[in-house]
Protein chains: 2
Amino acid sequence: MDFFENFDGVQGGNYLGFQGVVPSSSLILNNERGELMMNPSRQKMGDADKALIALRNHSNAERRRRERINAHLATLRTLTPGTTKMDKAGLLSEVINQVKSLRENVAEATKGTVVPSDIDEVRVEEEEDPNDAASTSIRASLCCDFKHELLSDLREAVDALPHNDVRAEISTLGTRMVSVFVITGLKSQVQPLVDSIRQTFRSILDKFYASEEFSSRSSSSKRRRVSSLFASSGSSSGLF
Amino acid sequence: MDFFENFDGVQGGNYLGFQGVVPSSSLILNNERGELMMNPSRQKMGDADKALIALRNHSNAERRRRERINAHLATLRTLTPGTTKMDKAGLLSEVINQVKSLRENVAEATKGTVVPSDIDEVRVEEEEDPNDAASTSIRASLCCDFKHELLSDLREAVDALPHNDVRAEISTLGTRMVSVFVITGLKSQVQPLVDSIRQTFRSILDKFYASEEFSSRSSSSKRRRVSSLFASSGSSSGLF
DNA sequence: CTGAACACGTGAGGC
DNA sequence: TGCCTCACGTGTTCA
């Protein structure tokens, strides 16, 4: 195996690696990038020279690709705690765990977010399924003042949904309520369903507005969760 | 470059690759794993044979390492939507973006979670800093009935904290309140601070209990956010 | 045909 | 010593 001998001191299997010195007189080093070019003083290039320049460009490109990947791995390492001095594979497996646990966290956290706000709104949006990238899910919510009459309408709406996998939930807080539908396991044709649900929810909300018949319309001053920072000096904040 | 000729059809630079046939009579193929062993019928092994077996084991080990890494990359690809048919580097950069956005999501979601619950509790916990893996942060919360007298005690507590980077917030809901302190930028010695804060909060809560002087102690029946699933049949849920 | 992306085997170096 | 991880240059394939 002596034709594989390293004659420059660089690491790795640098079989035809020359550190900036080119053995053929018809080749020259490109100034901007460390790639090989034909020497302009020559007119023709031998096949051996062409092979050399191609090989050199190839190895340079491959090095750049490696650097790109390793840079991303380094970024992931800074983003993932406790992965310094860790194996490449170990780092990746740790990243996998982190992504999974982050998804569980955000799922748990958004689960607690079903608290009715003080503004009326209907939101229907498609969201990714954490466990299966191929299938998506729809999350539809309607937030408004609480009314018994709405419940039967909502039940009609949820019964009209395709029975893939439907979860429905209602939260109330004081006079406010929010109803959330989550339909999972959709494989395709999501957008029509999104539009349909949005229209249904909006008509329910409109019907609710009509039934209110302009009673106590302005300055409703709904109860509100108050949240404030400490005043920076003195403890006589206006809130308390 | 004809000494690099591929004489077996396998892909890649298999320089001394013989597909199961060993050119030296003193070597034999191990049955369980595709590694090279010494032929038991021989007594001694030449140095060339030893070099061959070492090389073969080395390349096999390297292949296993590659497979391990690529398996993790494949897992990440299934976990990250829209990364099929994507570059290795592109996949990693997408994973980075996903981790970052997931962290923002969970930060936003947990930010909305500062709604006082109906159980009294003090929680002090160390949590990771998303932007900097080297530094951690402490999140301390105290949840109880609202009392003006608590506020001065809380202000004392927040003033006593080391002024690294302190964020304090109070939320009230009806008769309930929750106070949250977040101290960021801690580099070390976190646990003593955690213990100190926990003790401070608990003493505040104890002081609050003492000031209540056993008034209206049992069956306090605090107001509660109601959250329920639809009953699976009939619309006469007891709730409504 | 050029360039990009991948798997491969190999040398270096760390325990 | 032996085993492991990493970077390197190379062969191959695909757009």
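Below, chains carry the letters A, B, ... as their sequence lines are ordered, and counting in each starts from 1.
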Provide, to the nearest angstrom, the distance between the [atom1] atom belonging to [X] and the [atom2] atom belonging to [N].
X	N	atom1	atom2	answer
A:Ile53	C:dC1	CD1	P	15 Å
A:Asp87	D:dC3	CG	C1'	13 Å
A:Arg64	D:dC8	CZ	C1'	15 Å
A:Arg56	D:dG9	CZ	P	7 Å
A:Asn60	D:dT10	CG	C1'	13 Å
B:Lys85	D:dC14	NZ	C1'	12 Å
B:Leu55	C:dC8	CG	C1'	13 Å
B:Glu67	C:dC6	CD	P	16 Å

For [X] and [N], is the shortest distance between a side-chain N/O and OP1 or OP2 below 4.0 Å?
X	N	result
B:Arg66	C:dG9	yes
A:Arg65	C:dG3	no
A:Asn70	D:dA7	yes
B:Lys88	C:dA7	yes
B:Arg63	C:dA7	no

Handout entry: Flag if over 12 foreign heavy atoms under 6.0 Å of CZ, A:Arg123
Key = no

Exercise for the section: Would you confirm whether B:Thr80, through its side chain, and B:Leu76, through its main-chain N or O, come within 3.5 Å as a donor-acceptor pair? Expected result: yes

Handout entry: Nearest heavy atoms of A:Asp87 and A:Arg77, plus distance in Å
Key = O-NH2, 3.8 Å

Practice task
Output, in order, the C-alpha distance, side-chain angles, deciding distance and verdict of salt bridge (Lys or Arg N to Asp or Glu O under 4.0 Å) for A:Glu67 and A:Arg64.
Solution key: CA-CA 5 Å; A:Glu67 285 170 357; A:Arg64 275 177 252 128; over 6 Å; no

Problem - D:dG11 base / A:His58 side chain donor-acceptor hit below 3.5 Å - result: yes

Problem - Under 3.5 Å donor-acceptor pair, A:Glu62 side-chain atoms to C:dC6 base atoms - result: yes

Completion exercise
Of B:Ser59 and A:Arg68, the one whose closest nucleotide on DNA chain C sits nearer the 5' end is A:Arg68

Exercise for the section: Decide yes or no for B:Leu142 and B:Cys144: does some side-chain heavy atom of the first lie under 4.5 Å from some side-chain heavy atom of the second? Expected result: yes

